[in-house]
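Notes to accompany the following structure.
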Amino acid sequence: RPPQQRPRVLLKAPTLAEMDELNISEEEESP
Amino acid sequence: HPVNIPRKEKDFQGMLEYKKEDESKLVKNLILELKPRGVAVNLIPGLPAYILFMCLRHADYINDDQKVRTLLTSTINGIKKILKKRGDDYETVSFWLSNTCRFLHCLKQYSGEESFMKHNTPRQNEHCLSNFDLAEYRQVLSDLAIQIYQQLVKVMENILQPMIVSGMLEHETIQGVSGVKPTGLRKRTSSIADEGTYTLDSILRQLNSFHSTMCQHGTDPELIKQVIKQMFYIIGAVTLNNLLLRKDMCSWSKGMQIRYNVSQLEEWLRDKNLMTSGAKETLEPLIQAAQLLQVKKKTDEDAEAICSMCNALSTAQIVKVLNLYTPVNEFEERVSVSFIRTIQIRLRDRKESPQLLMDTKNIYPVTFPFNPSSLALETIQIPSSLNLLFLTRV
């Protein structure tokens with residue numbers, strides 16, 4: 001790969017507390 | 001069926017490809033169901049962190065911001081979830097503290113920011129993220145690591161707590177001193193059967209166990225120092241608080257026993273190369289209280305010596321120890337009221353809180369100094385025991 005020249009895109013992140021609402025791929029475990 | 005053709009390590013780029021729909025399986029197998037005591041024992045320290053980062057690198061490589069985001073969110077939520085479920089298990093908490101820190105270090109080491117690349121090999125520099133800047137996610141991970149650290153400290157304190165009074169104060173190991181008990185005092189240990197079973201050795205063994213687990217998990221050395229300092233603080237604070245509340249602990253011989261116990265703790269620090277951790281310094285109030293039990297307490301010169309010696313104790317604490325001081329034999333005397341008054345006058349101008357007891361809930365602020373790894377990502381292989389066959393080395 002050639003060295004990367006273009007700037008990286010900043011990914012905005014939610015706060016740690018806000019992450020709770022983004023349980024995108026969490027699977028409910030079987031009891 | 002794809003045929004697995006063995007490739008040389010130099011052909012790999014240190015990434016792991018996965019399908020979006022396998023992300024939850026990744027979190028489940030690598031975070032939620034991984035037992036630190038089971039398969040994880042034989043893994044290279046920080047392997048879960050490296051695997052997650054290599055997956056992240058691939059999502060970055062294909063320039064899929066959504067995939068990067070969901071992987072980070074699922075990872076963070078997975079770690080939070082396992083810590084909720086097994087938050088009282090020391091090994092689980094220690095394991096995820098070290099892996100969270102390693103993941104955070106990877107995000108820095110391969111961020112492409114020069115300040116984090118100083119120790120990288122040229123090959124490691126080729127492995128930097130190419131499309132996304134994850135600085136904000138690093139902050140979230142750092143917040144998570146702080147949360148895990150506080151949880152770890154709590155779990156460790158819960159294990160140590162029942163050993164402290166018994167091991168540091170009640171149990172006597174010094175021959176010859178223990179024979180003489182302060183007169184007229186009941187032996188309080190005998191009524192509490194369980195407490196009586198812990199000795200200083202129990203504390204040292206527990207510290208050994210904490211230390212070796214953290215080492216096995218690949219915890220950053222600087223972080224181990226902070227954990228141990230915190231444990232020493234709690235040992236010192238709980239011991240001193242009990243001494244300040246119990247007359248039977250305020251004697252010359254107890255002073256001797258405490259100093260011996262402290263020397264053993266110091267020896268332990270030396271043995272583990274932790275003398276620069278600041279742990280010993282947290283015992284200073286206890287050390288001074290033990291010295292206070294042993295020095296002469298009669299003349300003005302004695303008072304002056306005590307005031308300059310006990311700079312880590314508050315006036316309230318010094319006065320309390322002097323008031324509680326109980327002679328062990330007929331050659332000793334109680335501390336006179338006028339001597340205590342002299343001390344109070346001498347210390348009048350000290351600016352300090354009037355608090356008698358130490359705050360056992362105090363937690364020192366934690367930091368996670370950047371600790372890059374020399375490990376070459378392209379050499380990492382995934383043991384089959386992790387059930388991650390759906391990941392493809394790239």
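Here is the naming used below: chain letters follow the sequence lines, and residue numbers restart at 1 for every chain.
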Quiz prompt | Heavy atoms of other groups near B/E114 CD, more than 12 under 6.0 Å | solution = no
Quiz item: Has B/K35 got more than 12 heavy atoms of other residues, nucleotides or ligands less than 6.0 Å from its NZ?
Solution: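 For B/K35, atom NZ is crowded (more than 12 foreign heavy atoms under 6.0 Å).
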Quiz item: When rounded to the nearest 0.5 angstrom, what distance separates CD1 in B/I224 from CE in B/M214?
Solution: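 Rounded to the nearest 0.5 Å, the CD1-CE separation comes to 5.0 Å.
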Quiz item: Could you name the residues of residues 139-158 of chain B that have a heavy atom within less than 4.5 Å of a heavy atom in chain A?
Solution: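 The stretch touches chain A at B/V140, B/D143, B/L144, B/Q147.
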Which residues pass the salt bridge (Lys or Arg N to Asp or Glu O under 4.0 Å) test with [X], sequence neighbours left out?
| X | value |
| --- | --- |
| B/E91 | B/R37 |
| B/D133 | none |
| B/D65 | B/R69 |

Quiz prompt | Part of B/K80 within contact of chain A (heavy atom distance under 4.5 Å) | solution =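 Interface part for B/K80: side chain.
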